[in-house]
Chemist: 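Below is a structure I'd like to ask you about.
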Amino acid sequence: MVNDDARRVLVEVAQLAADHIERRRDDLVAAPYDRVALRVEVEAFDFASPRDPAEVAATLFDLLRRTGIRTDHPRYFGLFNPPALTSAIAGDMVAATVNPQLAVWGHAPAAVEIERHLVSLFANRVWGDGAGAGTFTSGGSEANNTALLAALARRYPEWATRGVAALDRRPAIYVSAQAHLAWIKIARAAGLGSGAVKLVETQDGLSLDGQTLEKAILGNPASDPVLVVATAGTTAHGAVDDLSGIADVGRKHRAHVHVDAAWAGGVLLDPAHRHLLDGIDQADSVTIDPHKWLAVPMGAGLYLARDWTALKTAFAVTTKFMPPAVADTLDPYTHSLQWSRRFTGAKLFLALAALGLDGYAKMIEQQFALGDRLRQSLANDGWRIVNDTRLPLVCFAPDDAAHVVTIEREIAGAGEAWISSVTLRGAPCLRACITGFETTEDDVDTLVAMLARARNRCAG
């Protein structure tokens with residue numbers, strides 16, 4: 001039996017979590033704090049003697065609540081870090097409690113089968129029934145790194161044993177200049193160097209099309225396009241690249257075609273907006289981050305592929321200290337960079353079971369509606385909408401772009417909402433994104449009113 005103290009700690013910490021969720025709307029999104037004082041508070045934990053875990057958990061909640069940017073707040077309109085669904089938090093707790101080891105099927109058959117089932121569900125949303133290869137990752141960077149390794153495995157049979165030094169041409173990664181620059185880190189980690197990443201400037205400053213990609217490839221005859229990447233939902237402004245056109249070019253050059261849909265991949269669960277990702281089925285692999293739009297705790301990424309071949313070439317190893325494979329199963333360590341691994345799929349499994357596919361679709365549709373409301377309200381109030389996307393991400397600017405930074409700082413300084421700024425087509429603009437399931441029309445209207453006041457003060 002669980003001893004009484006262990007039960008007390010778990011119940012008290014669960015109550016702290018419930019209290020935190022209940023009160024977060026009343027907190028500031030970005031509260032001021034003193035860096036020196038914060039460091040003193042943290043360093044007061046010298047670990048010289050035991051302390052009550054529940055009391056320390058209360059301190060942790062307090063520290064996290066009153067410092068930094070509260071990404072779990074309904075008026076956080078920043079990057080893709082929504083609050084986690086309660087069911088997903090519960091799933092994470094189950095995984096942490098049982099702590100199964102997902103290296104091999106035989107040690108955690110239920111956990112591995114649950115993740116296989118989830119991979120198949122999302123792969124089928126991309127390619128239709130019958131697809132089902134892939135793996136859970138720590139997030140989008142690991143999933144995209146997996147795409148590069150799979151591309152190398154497909155293109156160069158000798159790479160898996162002899163490495164990139166044995167290749168007679170320099171591999172290149174072609175990706176939009178508007179894409180997430182994790183590709184730079186990925187190229188370095190793979191031994192290709194950042195010079196292997198060819199950032200292709202887009203024609204409209206937003207999305208990459210196949211014709212522009214083709215010109216870029218032909219303009220670099222010394223480089224071998226091993227991987228071409230289409231972004232579905234750019235971080236800065238929500239653009240969706242020409243998925244079909246890029247796939248056509250990739251196939252022409254025998255490249256691995258990958259779609260980075262880390263954020264916008266959530267649309268796959270919304271039949272009303274699934275068409276925004278038309279052409280994604282022509283990819284060889286896809287990245288989706290459930291910890292973004294699907295509101296599960298970080299970190300949770302998904303790498304999806306048409307089949308297992310490239311994953312096995314890239315990652316399969318054999319060793320005597322691992323148990324023998326079970327017939328008609330796949331051991332996760334043979335198709336993933338990770339070996340020992342957490343049960344990442346538990347939080348998504350519980351969230352899907354509790355909310356249902358229809359519930360997820362309604363949640364996403366609500367955020368589309370809020371995005372439309374924000375876009376229209378800003379336009380009606382005289383702001384210039386400067387991006388072009390149906391996704392709930394709005395980039396906008398006042399008449400005088402020089403006021404952008406001042407407005408951003410004023411909104412953040414007030415602490416009642418949080419937005420960011422980006423550079424779009426060479427000019428600064430403000431950016432607001434809606435991914436939180438607790439965000440309401442009132443929250444959107446509050447942001448619009450705050451922006452109007454800040455703009456008016458800038459105008460004098």
Side-chain angles (χ1 to χ4, degrees), residues 1-100 138-139 289-292 294-300 340-344 346-348 350-351 354 411-420 435-439 443:
M1 292 179 60
V2 176
N3 64 52
D4 291 341
D5 190 58
R7 185 177 298 277
R8 173 191 65 82
V9 168
L10 291 172
V11 170
E12 289 186 16
V13 172
Q15 185 61 56
L16 288 168
D19 291 344
H20 174 86
I21 292 171
E22 186 174 8
R23 69 178 292 182
R24 63 186 168 203
R25 177 172 284 281
D26 298 326
D27 290 338
L28 292 176
V29 186
Y33 63 94
D34 183 278
R35 178 179 57 81
V36 175
L38 171 61
R39 186 164 292 172
V40 169
E41 286 189 79
V42 172
E43 291 178 353
F45 287 84
D46 60 5
F47 313 113
S49 58
R51 299 177 67 164
D52 180 76
E55 292 181 4
V56 177
T59 300
L60 273 176
F61 271 112
D62 180 62
L63 285 170
L64 295 171
R65 182 182 63 81
R66 58 184 171 82
T67 63
I69 308 299
R70 288 288 301 280
T71 58
D72 64 327
H73 197 285
R75 287 192 299 278
Y76 172 77
F77 297 98
L79 301 176
F80 315 116
N81 304 118
L85 291 159
T86 304
S87 53
I89 295 170
D92 224 13
M93 185 177 179
V94 172
T97 301
V98 182
N99 203 28
S138 57
D289 277 356
H291 68 228
K292 290 189 168 72
L294 300 184
V296 306
M298 293 187 282
S340 300
R341 184 167 67 72
R342 197 172 194 271
F343 183 15
T344 304
K347 47 198 169 190
L348 181 58
L350 199 53
I411 297 296
E416 296 179 17
W418 199 88
I419 60 174
S420 59
T435 54
F437 61 88
E438 292 182 341
T439 302
D443 293 316

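All of these numbers come straight from a predicted model, not from anything done at the bench.
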Chemist: Under the salt bridge (charged side-chain N to carboxylate O under 4.0 Å, His left out) test, which residues partner Glu55, sequence neighbours left out?
Modeler: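 Glu55 satisfies salt bridge (charged side-chain N to carboxylate O under 4.0 Å, His left out) with no other residue.
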Chemist: For residues 12-34, which residue pairs qualify under ring pair (Phe, Tyr, Trp, His ring centres under 6.0 Å), counting only residues two or more places apart or in two chains?
Modeler: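 Of all non-adjacent pairs touching residues 12-34, those that pass ring pair (Phe, Tyr, Trp, His ring centres under 6.0 Å) are His20-Phe61.
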Chemist: Please determine whether a side-chain nitrogen of the Lys or Arg among Arg24 and Asp27 lies less than 4.0 Å from a carboxylate oxygen of the Asp or Glu.
Modeler: no
Chemist: How would you list all residue pairs meeting salt bridge (Lys or Arg N to Asp or Glu O under 4.0 Å) that involve residues 34-50, not counting sequence neighbours?
Modeler: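 The answer is Glu41-Arg66.
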Chemist: Heavy atoms only: give me the nearest Ile69-Ala30 pair and the separation to one decimal.
Modeler: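 Taking Ile69 first and Ala30 second, the nearest heavy atoms are CD1-CB, 3.7 Å.
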Chemist: Can you list every pair that meets ring pair (Phe, Tyr, Trp, His ring centres under 6.0 Å) and has a residue in residues 35-60, with sequence neighbours left out?
Modeler: none
Chemist: Donor-acceptor pair, distance only, cut-off 3.5 Å: does the side chain of Lys347 make one with the backbone of Pro297?
Modeler: yes
Chemist: Check this for me, if you would: do Arg65 and Asp19 make a salt bridge, where the nitrogen-to-carboxylate-oxygen distance has to be below 4.0 angstrom?
Modeler: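 No, this pair does not count.
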Chemist: For the atom pair CD (Glu416) and CD1 (Ile411), what is the distance rounded to the nearest 0.5 Å?
Modeler: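 With rounding to 0.5 Å, CD (Glu416) is 9.0 Å from CD1 (Ile411).
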Chemist: Which pairs count as ring pair (Phe, Tyr, Trp, His ring centres under 6.0 Å) when at least one residue sits in residues 72-100, sequence neighbours excluded?
Modeler: Tyr76-Trp418, Phe80-Trp263
Chemist: Mind checking whether Thr435 and Lys292 have side chains closer than 4.5 Å, heavy atoms only?
Modeler: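 The answer is no, as the side chains (C-beta and beyond) never meet within the 4.5 Å cut-off.
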Chemist: Please list all pairs meeting salt bridge (Lys or Arg N to Asp or Glu O under 4.0 Å) that have one or both residues in residues 74-90, counting only residues at least two apart or in different chains.
Modeler: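 Sorted result for residues 74-90: Arg75-Asp443.
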Chemist: Taking all heavy atoms of Leu38 and all of Leu63, pick out the closest pair and write down the distance.
Modeler: CD1-CD2, 3.9 Å
